[in-house]
Amino acid sequence: MRHFKLAAPCALLALAASADVRLKGFVGERLDGCIRNCVEQKDDRYLTDPFKAKSEIRWWRTEFWGKWMQSARPFADYADSAALREKMARSAAAIAATQEPNGYIGDYRPENRDRLHWDVWGHKYTLLGLLEAHRASGDAK
């Protein structure tokens, strides 16, 4: 019997191809419920709206979209959820549509971008989220 030390809750899904793994019993039921009731039901507009508004002056919010995408993709694969993949594609398109001509994707006002260094954290998770959207859909946009 092999034992694995899991670094993150989703790490179990990374141990094998999603088509090869299906959890049963209590843990499987709980995971299926989490995917169905949390990940699939997440209002992605709540996560993408800050990118459209570009009104942030002090805090950070853009990391949360990327973190949701990082969890959604392995769950979409595990559950073979076309609905979740479609939501991810729509959400990624909404984020990509907010990119400015200079390449900026974020929620800070232009006058605050040079002073607030948390923006790089948001960029990191936004890019990771876009990579997950690409992995889920194969769409290069």
Side-chain angles (χ1 to χ4, degrees), residues 2-141:
R2 293 174 54 183
H3 296 276
F4 298 98
K5 182 176 180 183
L6 301 178
C10 296
L12 181 61
L13 297 177
L15 293 176
S18 61
D20 298 333
V21 174
R22 192 73 188 154
L23 298 177
K24 301 286 186 188
F26 178 77
V27 173
E29 291 170 11
R30 300 305 289 177
L31 180 60
D32 292 345
C34 177
I35 295 167
R36 186 176 51 254
N37 299 317
C38 296
V39 182
E40 288 182 342
Q41 300 303 316
K42 183 68 178 169
D43 180 6
D44 59 305
R45 290 171 301 188
Y46 169 76
L47 298 171
T48 58
D49 283 350
F51 291 86
K52 295 174 187 173
K54 297 191 188 308
S55 61
E56 191 57 62
I57 59 172
R58 184 173 172 196
W59 303 108
W60 60 94
R61 297 176 287 179
T62 54
E63 71 181 273
F64 302 117
W65 178 82
K67 288 178 177 181
W68 175 72
M69 291 294 277
Q70 285 186 288
S71 67
R73 206 258 320 146
F75 288 138
D77 291 348
Y78 175 83
D80 195 23
S81 174
L84 184 51
R85 283 190 196 94
E86 175 60 30
K87 181 182 273 193
M88 290 174 65
R90 278 193 321 269
S91 189
I95 292 296
T98 69
Q99 185 174 19
E100 296 178 2
N102 67 0
Y104 181 80
I105 301 176
D107 69 338
Y108 282 103
R109 292 180 180 177
E111 65 270 17
N112 293 90
R113 293 178 190 166
D114 293 338
R115 299 183 304 120
L116 301 168
H117 303 292
W118 281 110
D119 207 15
V120 71
W121 192 257
H123 293 310
K124 169 191 169 184
Y125 281 102
T126 300
L127 290 172
L128 290 172
L130 289 169
L131 286 170
E132 293 300 337
H134 172 68
R135 288 182 184 122
S137 69
D139 185 355
K141 293 179 188 175

Answer yes when R45 and D43 have at least one side-chain N-carboxylate O distance shorter than 4.0 Å, and no when they do not. yes
Grab the two heavy atoms, one from S71 and one from P74, that are nearest each other, plus how far apart they are. O-CD, 3.4 Å
Could you give the distance from CZ (R109) to NZ (K54), rounded to the nearest 0.5 Å? 13.0 Å
With ring centroids as reference points, do W68 and F64 lie under 6.0 angstrom apart? no
For the CD1 atom of I95 and the CH2 atom of W65, what is their distance to the nearest 0.5 Å? 5.0 Å
Shortest non-hydrogen separation from T48 to S91 and the atoms involved: CG2-OG, 3.4 Å
K87 side chain to K42 main-chain N or O, any donor-acceptor pair under 3.5 Å? yes
Between T62 and Y108, is a side-chain contact (heavy atoms from CB on, under 4.5 Å) present by the stated rule, with each step listed? CA-CA 9 Å; T62 54; Y108 282 103; 6.0 Å; no
Start with the C-alpha distance between R85 and D77, add both sets of side-chain angles, then the distance that settles side-chain contact (heavy atoms from CB on, under 4.5 Å), and finish with yes or no. CA-CA 9 Å; R85 283 190 196 94; D77 291 348; 3.5 Å; yes
By side-chain hydrogen bond (donor to acceptor under 3.5 Å, both in side chains) - contacts of E40 (at least two apart): S81
Would M88 and M69 count as a side-chain contact (heavy atoms from CB on, under 4.5 Å) if you check the C-alpha gap in whole Å, the side-chain angles of each, and the deciding distance to 0.1 Å? CA-CA 7 Å; M88 290 174 65; M69 291 294 277; 3.9 Å; yes
Taken to the nearest 0.5 Å, the spacing of F51 CZ from D49 CG works out to 10.5 Å
Any donor and acceptor pair, going by atom type alone, linking the side chain of Y125 with main-chain N or O of Q70 inside 3.5 Å? no
Please determine whether the number of non-hydrogen atoms from other residues, nucleotides or ligands lying under 6.0 Å from atom OH of Y104 exceeds 12. yes
Distance in Å, E100 CD paired with I105 CD1, rounded so as to fall on 0.5 Å steps: 9.5 Å
Main-chain N/O of A133 paired to S137 side chain as donor or acceptor, under 3.5 Å: yes
Which residue pairs pass the salt bridge (charged side-chain N to carboxylate O under 4.0 Å, His left out) test when at least one of the two sits in residues 27-38, sequence neighbours left out? R22-D32
Just verifying a value: how many Å separate E63 CD and R61 CZ, rounded to the nearest 0.5 Å? 12.0 Å
Atom CG of D107 and atom CZ of R113: how far apart are they, to the nearest 0.5 Å? 9.0 Å
